[in-house]
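In what follows, a structure is listed as C-alpha cells, so that the remarks can point back to it.
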Amino acid sequence: MLLDEECKSCLYGSQMKKVESTQTDAEKLRCFRDGVNALCENPPSDYCAPLLMRDIDGLHRNIFGTGIDYTREKSLFNRALLCLEDKLYAEVMASPDPVCSALKFAMSANYIDFARISDLNEGAVNYVVSAAADVQPDKSVLDQLKCKLEIAEKLCFLHDNCGEIVLDKILIRVIKELYPAIRVISVVRGKPIINDVTQDDAREVGLQEYAEVIGNGTNVPGTYLKEVSPRVRRELKECGVVLSKGLGNLETLYGEGYNIFYAFNCKCAHIARRFGAPLWTAVLVRD
C-alpha cells in the first residue's frame, strides 16, 4: 500500500514527539527535525509507511548514535499483559467459540502501536481488554480461517507489536489446543524498530513454548518482500494458513498475491476508508 499524506503527517508527529521527550541536544534535534521533514517531503514514489519509518529510525541512528529506543515501552506492555495471560486464556477457553474470543483480544491489542500513538501508557492495557468485547470479526472470513486451520499442517503467524504479542500468544495456544496437528511458525522483526516484536521480545513472553520463532531478516516494521529472508518467503508460500497482524504487515503485503488473513486496527483514516470500516475498529479480511 503506497504512502499517502496522512501517513507522512502521522509518522512525523508521533516520532518527533517521542524524540523530543528523550533528547536534549538542540542542534541535533534541529537536524533530526529537518531530516524527517525532508524524508516526508520527498519519498520514492513506490514507498509505503513502514519504509518511511525505517528511514526515520535510520536518521535518528545517524544523528544520535542509536535507533529510536522503545525498550522501556516494549517491556512495560509485555509485562503488563503477561500478568493477565492466564486469566484471559481461561476466559477464552471457557467461551462458546475460543478461536473467535482469542482473536478478538488479539485484534483489539493491535491498538498498542507507538508508530501511530507515541504517548501510550499502561491505561492502554485496560482499554485493549475492555474493547475486545466490541470487536466483531467478519463471520464469513472467520469461518474460512477455521476451515483452513482444520486441514493445515502449518500456520505462519506474522506478528506486529510488543504487548500485543501476549494476546497473539493466547490465540496460538488456543489454536494448538483445538488443532493439535498444526505447527506454528511465528515471524517477528529481524532487528529492533519502534515497539515491534523481535526474537528477544518473543522470548520475554515465552512465545517459543508454542511456536517456532524466526526473525524476518529486516528492520522494516512490516514484511517487506524485497528484503525478508528466503525462509520467510518460503513460509508465506508453503504454509496452509497465514495470519498477519497489524498495519505494517498489511501495508507491505496486501495485494501481493499471497493468500493471507489480515487482522488489524483501523488506526488511519485512509485504512478505514479502504476497508469500509469506522476509524479505530478492528477488522479481519482475507486477501
Side-chain angles (χ1 to χ4, degrees), residues 1-4 7 10-11 46-54 57 74 103 106-116 137-138 141 145 148 154-169 171-172 184-199 201-202 207 211 213-229 231-239 241-268 270-272 274-275 277 281-287:
M1 290 183 174
L2 295 179
L3 188 66
D4 72 359
C7 296
C10 179
L11 291 179
D46 61 347
Y47 250 34
C48 58
L51 293 178
L52 178 59
M53 185 62 239
R54 193 259 300 270
D57 189 73
K74 291 201 293 183
L103 183 61
M107 292 170 68
S108 179
N110 188 234
Y111 175 79
I112 303 171
D113 183 350
F114 283 85
R116 266 72 181 186
D138 184 285
V141 179
L145 175 60
K148 297 282 281 185
K154 278 200 299 184
L155 162 65
C156 179
F157 200 122
L158 305 176
H159 296 278
D160 192 20
N161 301 317
C162 284
E164 178 181 1
I165 189 74
V166 179
L167 284 300
D168 292 348
K169 178 187 171 187
L171 176 56
I172 289 171
V184 181
I185 310 295
S186 280
V187 180
V188 300
R189 308 298 183 236
K191 300 174 184 176
I193 183 76
I194 345 173
N195 65 312
D196 287 30
V197 177
T198 64
Q199 288 177 293
D201 302 316
L207 184 61
V213 182
I214 63 173
N216 68 8
T218 83
N219 66 337
V220 175
T223 306
Y224 187 48
L225 293 170
K226 291 182 179 178
E227 296 183 16
V228 296
S229 68
R231 167 76 187 277
V232 171
R233 287 196 296 270
R234 186 170 68 251
E235 297 296 353
L236 290 174
K237 290 179 180 178
E238 295 179 357
C239 282
V241 189
V242 180
L243 179 57
S244 165
K245 288 293 302 299
L247 293 187
N249 291 321
L250 177 81
E251 289 164 323
T252 46
L253 278 175
Y254 193 82
E256 293 293 332
Y258 290 90
N259 186 357
I260 298 176
F261 293 90
Y262 293 92
F264 57 91
N265 195 301
C266 291
K267 290 167 278 193
C268 306
H270 75 281
I271 294 291
R274 171 67 179 79
F275 293 96
T281 56
V283 174
L284 177 68
V285 298
R286 185 180 183 184
D287 181 22

Are [X] and [Y] packed together at the side-chain level, in the sense that at least one heavy-atom pair is separated by less than 4.5 angstrom?
X: Leu158; Y: Leu253; result: yes
X: Cys268; Y: Leu247; result: yes
X: Ile271; Y: Leu250; result: yes
X: Asn249; Y: His159; result: no

Of the non-hydrogen atoms in [X] and [Y], which two are nearest, and what is the gap between them?
X: Glu256; Y: Asp287; answer: N-OD2, 4.2 Å
X: Gly215; Y: Ser229; answer: O-OG, 4.2 Å
X: Val228; Y: Arg233; answer: O-NH1, 2.7 Å
X: Ala106; Y: Lys245; answer: O-NZ, 2.8 Å
X: Val197; Y: Ala202; answer: CG1-N, 4.0 Å
X: Gln199; Y: Val213; answer: NE2-O, 3.4 Å

Roughly how far, to the nearest 0.5 Å, is [atom2] of [Y] from [atom1] of [X]?
X: Ile112; Y: Ile165; atom1: CD1; atom2: CD1; answer: 11.0 Å
X: Ile172; Y: Ser186; atom1: CD1; atom2: OG; answer: 3.5 Å
X: Leu11; Y: Asp57; atom1: CG; atom2: CG; answer: 11.5 Å
X: Lys148; Y: Arg286; atom1: NZ; atom2: CZ; answer: 5.0 Å

Quiz item: Thr223 and Val232: side-chain contact (heavy atoms from CB on, under 4.5 Å), yes or no, with the steps?
Solution: CA-CA 9 Å; Thr223 306; Val232 171; 4.3 Å; yes
Qualifying residues under side-chain contact (heavy atoms from CB on, under 4.5 Å), relative to [X], sequence neighbours excluded:
X: Pro137; value: Cys100, Leu103, Lys104, Met107, Val135, Leu284
X: Arg274; value: Met1, Tyr254
X: Ala109; value: Val128, Glu164, Leu167
X: Glu235; value: Lys154, Cys156, Ile185, Arg231, Cys239

Quiz item: How far apart are the C-alpha atoms of Leu145 and Val241, what are their side-chain angles, what is the distance that settles it, and do they pass the side-chain contact (heavy atoms from CB on, under 4.5 Å) test?
Solution: CA-CA 8 Å; Leu145 175 60; Val241 189; 3.7 Å; yes
Quiz prompt | Derivation of the side-chain contact (heavy atoms from CB on, under 4.5 Å) call for Leu236 and Leu225 | solution = CA-CA 10 Å; Leu236 290 174; Leu225 293 170; 3.8 Å; yes
Self-check item: For Lys267, salt bridge (charged side-chain N to carboxylate O under 4.0 Å, His left out) partners two or more places apart
Solution: Asp113
Exercise. With side-chain contact (heavy atoms from CB on, under 4.5 Å) as the test, would you mind laying out the steps for Val285 and Phe275 before giving the verdict?
Key: CA-CA 9 Å; Val285 298; Phe275 293 96; 4.0 Å; yes
Self-check item: Asn216 side-chain N/O to Gly222 backbone N/O, donor-acceptor pair under 3.5 Å
Solution: yes
Quiz item: Within the distance-only criterion (no hydrogens, no angle test), does the side chain of Asn219 pair as donor or acceptor with the backbone N or O of Lys191 below 3.5 angstrom?
Solution: no
Quiz item: Which of these, Thr218, Asp160, Thr198, Asp201, sits in a side chain to side chain donor-acceptor pair (under 3.5 Å) with Arg189?
Solution: Asp160
Quiz item: Can you name the residues that form a ring-ring contact (aromatic ring centres under 6.0 Å, His included) with Tyr111, not counting sequence neighbours?
Solution: Tyr127, Trp280
